[in-house]
Peer 1: 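Please find one structure pasted underneath; my questions will follow.
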Amino acid sequence: MVSDLVNEKRDTATVTRAERTREGRTYLPYCDILERENELLIHADLPGVRTEDIDINYERGLLTLQGRVDPRREDRRFLMREYGVGDYHRSFEVGEGIDASRIEAEVKDGVLTLHLPKTESIRPRKIAVRSA
Amino acid sequence: MNIIPWLSKREDRRSGPGAESSITRFRDEMDHLFERFFTDPFGMEPFGGRFAFGPRLDLAESDNDVIVKAELPGIDPKEVDLRVEGNLLTIRGEKKQEKEEKRRDYHYVERQYGSFHRSVQLPTSVDPDKVEAAYKDGVLTITIAKRPDAKAKRISVKSA
């Protein structure tokens with residue numbers, strides 16, 4: 001059954017008109033977004049992308065990540081091709097509460113982690129109560 | 001919430017992952033159905049290798065090897081269990097979340113976690129002692145040597 005397999009990668013064309021700078025299909029990486037006390041974290045699955053081929057840009061409130069993937073090798077005879085091979089592209093709107101100048105990224109085993117620190121003004125603060 | 005995955009202007013971006021996925025998923029499933037029908041109409045896996053949560057595979061042949069690839073980002077390669085029995089390759093393992101986080105801290109969850117399991121029938125007879133597996137950038141590559149008798153031989157035609 002098809003439904004038993006890992007979800008198929010989504011072509012960016014089905015969601016947004018991504019810029020096409022290279023031939024071939026472009027995919028939306030699957031992402032998790034979670035919130036910690038002082039930052040927001042994005043985990044993005046970018047299997048097959050080398051560290052040097054990841055490109056992250058922030059411009060006017062839009063955070064864009066791109067990953068370049070080499071096409072399948074042509075010298076082999078393929079019997080099964082169940083997953084799509086192509087570049088990754090996805091954008092996120094970043095709100096006021098994020099300090100864009102301090103966004104950091106790291107990658108491990110095909111998973112990109114973006115750290116988006118919250119600005120001082122929206123961090124939770126403990127307010128001490130003084131007795132009068 | 002301070003970060004929103006950016007969708008096209010035509011779609012309501014406040015409606016969350018559900019709205020984006022239902023049509024897209026349906027389309028993907030249909031695409032896949034057609035793709036499967038045209039590439040593999042009779043089903044290459046006689047044992048119905050697709051049970052549980054199965055990674056998607058590439059299966060290719062070179063002159064000397066059978067190469068199987070799977071995109072498995074964020075797994076611990078030590079926890080992958082690979083077996084070759086006869087012509088059947090079995091991949092088993094578990095994809096864990098980066099760190100235990102409280103559920104309420106997640107704004108958006110798309111990535112899949114949990115155990116995965118997939119068995120696949122290999123096209124030719126292979127040598128189970130000559131299996132190499134490498135994990136790089138979230139892609140698992142398994143290279144299995146063909147048995148000498150399964151390698152392609154070039155037969156020259158002699159003219160009489």
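Remember, it's a predicted structure, so these values are computed and weren't measured experimentally.
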Peer 1: Any ion pair linking A/Arg76 and B/Asp58 (charged N to carboxylate O, less than 4.0 Å)?
Peer 2: no
Peer 1: For a quick test of reading the model, state the closest non-hydrogen atom pair linking A/Tyr88 to B/Glu71 and the distance between them.
Peer 2: OH-OE2, 3.7 Å
Peer 1: Given that the side chain runs from C-beta out, which part of B/Lys69 has a heavy atom under 4.5 Å from chain A: side chain, backbone, both or neither?
Peer 2: both
Peer 1: At what distance, to the nearest 0.5 angstrom, does CZ of B/Arg56 lie from NZ of A/Lys9?
Peer 2: 10.0 Å
Peer 1: What part of B/Ile67 gets closer than 4.5 Å to chain A, counting heavy atoms only: side chain, backbone, both or neither?
Peer 2: side chain
Peer 1: Using atom types as modelled and distance alone, determine if a side-chain donor or acceptor of B/Glu61 lies under 3.5 Å from a backbone N or O of A/Arg77.
Peer 2: no
Peer 1: Please say whether more than 12 non-hydrogen atoms of neighbouring residues, nucleotides or ligands are located less than 6.0 Å from CD in A/Glu37.
Peer 2: no
Peer 1: Taking the side chain as everything from C-beta on, heavy atoms only, tell me whether A/Leu28 gets closer than 4.5 Å to B/Glu110.
Peer 2: no
Peer 1: Test of understanding: clusters of I, L, V, M, F, W, Y form through side-chain heavy atoms closer than 4.5 Å, transitively. Do A/Val85 and A/Phe78 belong to the same one?
Peer 2: no
Peer 1: Check whether A/Leu116 gets within reach of chain B through its side chain, its backbone, both or neither, counting any heavy atom under 4.5 Å.
Peer 2: side chain
Peer 1: First locate atom CG of B/Leu140, then atom CG of A/Asp109, and finally report the distance between them rounded to the nearest 0.5 Å.
Peer 2: 11.0 Å
Peer 1: Does any heavy atom of chain B fall under 4.5 Å from the side chain of A/Arg72, the backbone, both, or neither of them?
Peer 2: side chain
Peer 1: What pair of heavy atoms forms the shortest contact from A/Leu79 to B/Pro123, and how long is it?
Peer 2: CD1-CG, 3.3 Å
Peer 1: Please determine, among B/Gly138, B/Pro73, B/Ala70, B/Pro55, the option with the most heavy-atom pairs under 4.5 Å with chain A.
Peer 2: B/Pro73
Peer 1: Report the distance from atom CD of B/Gln112 to atom CG of A/Asp32, rounding to the nearest 0.5 Å.
Peer 2: 10.5 Å
Peer 1: Spell out the residues in residues 49-59 of chain A that have some non-hydrogen atom less than 4.5 Å away from a non-hydrogen atom of chain B, in order of number; otherwise answer 'none'.
Peer 2: A/Val49, A/Arg50
Peer 1: Going through the distances and angles, do A/Leu40 and B/His107 end up as a side chain to side chain contact (heavy atoms under 4.5 Å, CB included)?
Peer 2: CA-CA 10 Å; A/Leu40 284 166; B/His107 289 298; 4.0 Å; yes
